[in-house]
A.B. asks: 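Just dropping this structure here.
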Amino acid sequence: MLWHGTRLVKMGEKNKMMNSLSLFLIMLALGVCSTAQGVFYPFGSAAGDTFIPHSNVGLISVTLLHPFSYFNRMLQHIHVSPNGGLWLGQLSSPNSDVIVPFSTLINYIERGNVSHQQYTTGDVLHTATRDINSYFPNVTFTASWVLVVTWDRVVYYQTNDTVTNDQEATFQAVLISDGDLSFVLMNYGDISPPPRGALIGYSKNYFNEIVLLNDCYPNGTIDYVNLKTSSNINIPGRWAFPTSLESTFSCAYPLVPQPEHVVGVRLQVSSAERLNETAVEEQILKPLRDLLRQHGVDVSGIRLRRLVEKQP
């Protein structure tokens with residue numbers, strides 16, 4: 001569904017090719033298409049995640065490296081459940097809330113992995129900063145902390161408490177903060193229909209208000225299999241929610257992007273210096289936005305999809 005064009009751009013006549021960068025730019029202003037796996041933040045062993053032991057089917061406490069602002073309070077700890085949710089606050093306290101990207105009855109002893117990782121430096125923060133500024137153009141945001149929690153190919157209990165190994169789910173919750181503003185991303189890969197159904201959403205103000213994804217569907221019933229193509233920010237497989245004090249829930253975009261709105265561009269760039277994401281943003285994306293803006297294009301959603309360095 002993606003159209004690719006290739007163009008050679010020279011960064012200066014005096015500079016010979018030192019690095020070749022393949023840049024895949026998705027124009028969100030015109031609509032975006034990506035594979036579900038493409039929306040996932042890094043996870044697993046390669047990302048250095050901490051894995052929840054399969055012998056543990058209860059809640060695992062995670063001490064946050066930075067406090068997370070969640071509506072009217074600051075969180076120092078969260079608890080991760082193999083059953084697809086995050087418990088916010090002390091377990092023994094009634095003053096708690098939940099974030100549930102996909103809460104259902106999961107047989108974690110059987111197979112699959114649940115893992116988590118916190119970031120305070122590096123590329124994940126740059127990615128989170130770019131994502132939030134793209135999805136919420138009315139805020140100026142620089143991420144200082146990210147927590148990624150991933151449920152990878154976990155399997156369900158059936159209604160008769162048996163397990164069917166071909167029914168599994170992969171999904172992710174990403175908490176992002178700059179110390180003041182905060183956001184939650186929910187990312188979805190392949191999801192089999194859960195036999196017992198699932199809750200997706202979050203609570204606020206100590207369960208005085210519960211927000212469910214069902215509200216974004218005309219009949220109030222979530223299409224679980226197609227979660228990887230649904231979105232409220234026009235990124236298939238990803239939902240984004242602000243969770244600061246005055247934030248409100250929004251189903252702002254169509255659940256399934258239309259293929260005719262998909263545009264992609266691949267660029268090869270020769271540079272005498274190594275270009276990181278910040279340099280690409282300043283030297284390439286900013287001039288591209290300026291050019292498109294002159295032609296009346298809404299450029300608030302242009303983002304870098306992939307940066308690949310190739311040696312000459």
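Note that these values count all heavy atoms, side chains included, but never hydrogens, waters or copies made by symmetry. Throughout, numbering of the chain's residues begins at 1 and tracks the sequence.
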A.B. asks: Does some side-chain heavy atom of Leu227 sit less than 4.5 Å from a side-chain heavy atom of Ile222?
C.D. replies: yes

A.B. asks: Is there side-chain contact between Ser192 and Tyr156, with heavy atoms separated by less than 4.5 Å?
C.D. replies: yes

A.B. asks: Please report whether the ring centroid of Phe183 lies less than 6.0 Å from that of Phe241.
C.D. replies: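 No: the rings miss the under 6.0 Å criterion.
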
A.B. asks: Quick check against the 3.5 Å criterion: does Asp178 have a side-chain atom that pairs as donor or acceptor with the backbone of Leu181?
C.D. replies: yes

A.B. asks: Provide the closest heavy-atom pair for Gly85 versus Val100 in the form atom of the first, atom of the second, distance.
C.D. replies: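 Shortest heavy-atom contact: CA-CG1, 4.0 Å.
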
A.B. asks: Asp49: what forms a side chain to side chain donor-acceptor pair (under 3.5 Å) with it, not counting sequence neighbours?
C.D. replies: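 With sequence neighbours excluded, Asp49 shows a side chain to side chain donor-acceptor pair (under 3.5 Å) to Ser115, given in chain and number order.
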
A.B. asks: Kindly determine whether Asp190 and Phe171 satisfy side chain to side chain contact (heavy atoms under 4.5 Å, CB included), including the steps that lead there.
C.D. replies: CA-CA 8 Å; Asp190 291 330; Phe171 54 95; over 6 Å; no

A.B. asks: Do the side chain of Arg238 and the main chain of Asn187 share a donor and acceptor less than 3.5 angstrom apart?
C.D. replies: no

A.B. asks: Is Val148 close to Gln172 at the side-chain level, that is, under 4.5 Å between some pair of heavy atoms?
C.D. replies: yes

A.B. asks: Identify the two heavy atoms, one from Pro42 and one from Tyr119, that lie closest to each other, and give their separation to 0.1 Å.
C.D. replies: O-OH, 3.9 Å

A.B. asks: For Thr243 and Ser182: C-alpha separation, side-chain torsions, deciding distance, then whether side-chain hydrogen bond (donor to acceptor under 3.5 Å, both in side chains) applies.
C.D. replies: CA-CA 5 Å; Thr243 55; Ser182 58; 2.9 Å; yes

A.B. asks: Under 4.5 Å between side-chain heavy atoms, counting indirect links through other Ile/Leu/Val/Met/Phe/Trp/Tyr residues: same cluster for Tyr217 and Tyr188 or not?
C.D. replies: yes

A.B. asks: So how far is it from Ile60 CD1 to Ser81 OG, rounded to the nearest 0.5 Å?
C.D. replies: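 Spacing of CD1 (Ile60) from OG (Ser81) equals 9.5 Å.
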
A.B. asks: Considering all heavy atoms of both residues, which atom of Leu199 and which atom of Leu212 are nearest to each other, and what is their separation?
C.D. replies: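 Between these two residues, the closest heavy atoms are CD2-CD2, 4.3 Å.
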
A.B. asks: How long is the span from the CG atom in Leu75 to the OG atom in Ser96, to the nearest 0.5 Å?
C.D. replies: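 Between atom CG of Leu75 and atom OG of Ser96 there are 9.0 Å.
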
A.B. asks: Start with the C-alpha distance between Arg111 and His54, add both sets of side-chain angles, then the distance that settles side chain to side chain contact (heavy atoms under 4.5 Å, CB included), and finish with yes or no.
C.D. replies: CA-CA 8 Å; Arg111 81 152 193 261; His54 285 82; 5.6 Å; no

A.B. asks: At what distance, to the nearest 0.5 angstrom, does CG of Leu175 lie from NE2 of His66?
C.D. replies: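 Result: 14.0 Å between the selected atoms.
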
A.B. asks: Do Val124 and Gln117 have side-chain heavy atoms sitting under 4.5 Å apart?
C.D. replies: no

A.B. asks: Please report the interatomic distance CG(Asp223) to CG(Leu213), rounded to the nearest 0.5 Å.
C.D. replies: 11.0 Å

A.B. asks: Is the Phe43 ring parallel, tilted or perpendicular to the Phe40 ring (thresholds 30°, 60°)?
C.D. replies: tilted

A.B. asks: Please report the closest heavy-atom contact between Ser144 and Gly179, naming both atoms and the distance.
C.D. replies: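 Closest approach of Ser144 to Gly179, heavy atoms only: OG-N, 3.8 Å.
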
A.B. asks: Looking at every non-hydrogen atom in both residues, tell me the closest pair between Ser230 and Trp239 and how far apart they are.
C.D. replies: OG-NE1, 3.1 Å

A.B. asks: Give, for atom OG of Ser134 and atom CG of Asn234, the distance between the pair rounded to the nearest 0.5 Å.
C.D. replies: 10.0 Å

A.B. asks: Kindly give the heavy-atom pair with the smallest separation between Leu86 and Ala173, and that separation in Å.
C.D. replies: CD1-CB, 4.2 Å

A.B. asks: Does Asn113 use its side chain to pair, donor to acceptor, with the backbone of Arg153 at less than 3.5 Å?
C.D. replies: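 Looks like no, no N/O pair under 3.5 Å.
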
A.B. asks: Using the side-chain contact (heavy atoms from CB on, under 4.5 Å) rule, pick out the option among His77, His79, Gln118 that qualifies with Val62.
C.D. replies: Gln118

A.B. asks: Should Met74 and Tyr70 be regarded as members of a common hydrophobic cluster, given that ILVMFWY residues are connected when their side-chain heavy atoms come within less than 4.5 Å of each other, either directly or indirectly?
C.D. replies: no

A.B. asks: Side-chain contact, heavy-atom cut-off 4.5 Å: Leu185 with Tyr41?
C.D. replies: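 The answer is yes, as the side chains (C-beta and beyond) meet within the 4.5 Å cut-off.
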
A.B. asks: Check step by step if side chain to side chain contact (heavy atoms under 4.5 Å, CB included) holds for Phe68 and Gln76.
C.D. replies: CA-CA 7 Å; Phe68 181 67; Gln76 304 285 348; over 6 Å; no

A.B. asks: Under a single-linkage definition using a 4.5 Å side-chain heavy-atom cutoff for Ile, Leu, Val, Met, Phe, Trp and Tyr, are Val139 and Ile235 assigned to the same hydrophobic cluster?
C.D. replies: yes

A.B. asks: Please check this pair: side chain of Thr104 against backbone of Gly197, looking for a donor-acceptor N/O pair closer than 3.5 Å.
C.D. replies: yes

A.B. asks: Would a 4.5 Å heavy-atom cut-off, applied to side chains only, mark Ser55 and Tyr108 as touching?
C.D. replies: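 No, every pair of side-chain atoms sits at 4.5 Å or beyond.
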
A.B. asks: Under the criterion side chain to side chain contact (heavy atoms under 4.5 Å, CB included), I'd like the reasoning laid out for Ile132 against Ile176: C-alpha separation, chi angles, the key distance, then a yes or no.
C.D. replies: CA-CA 9 Å; Ile132 296 306; Ile176 303 171; 4.1 Å; yes

A.B. asks: Say whether, by atom type as modelled, one donor and one acceptor occur between the side chain of Ser177 and the main chain of Trp145 under 3.5 angstrom.
C.D. replies: no

A.B. asks: Measure the shortest side-chain to side-chain distance between Ile200 and Asn214 over non-hydrogen atoms and say whether it is less than 4.5 angstrom.
C.D. replies: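 No, too far: nothing below the 4.5 Å cut-off.
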
A.B. asks: Between Ile191 and Thr170, is any pair of side-chain heavy atoms under 4.5 Å apart?
C.D. replies: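 A side-chain contact is absent here, since even the closest heavy-atom pair is not under 4.5 Å.
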
A.B. asks: Can you measure from CH2 (Trp151) to CD1 (Ile106) and round to the nearest 0.5 angstrom?
C.D. replies: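 Answer rounded to 0.5 Å: 8.5 Å.
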
A.B. asks: Do Phe51 and Leu59 belong together in a cluster built from hydrophobic side chains that touch within less than 4.5 Å?
C.D. replies: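 No, it is not one cluster - the side chains of Phe51 and Leu59 are not joined through contacts under 4.5 Å.
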
A.B. asks: Please evaluate residues Phe136 and Phe141 with respect to the criterion ring pair (Phe, Tyr, Trp, His ring centres under 6.0 Å), reporting the C-alpha separation (whole Å), side-chain torsions for both, the decisive distance (0.1 Å), and the verdict.
C.D. replies: CA-CA 9 Å; Phe136 304 94; Phe141 184 85; 9.0 Å; no

A.B. asks: Going by the rule side-chain contact (heavy atoms from CB on, under 4.5 Å), which residues pair with Glu209 if we only count those two or more places apart in sequence or in a different chain?
C.D. replies: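 If we apply the side-chain contact (heavy atoms from CB on, under 4.5 Å) test to Glu209, skipping adjacent residues, the hits are Lys204, Asn205, Val211.
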
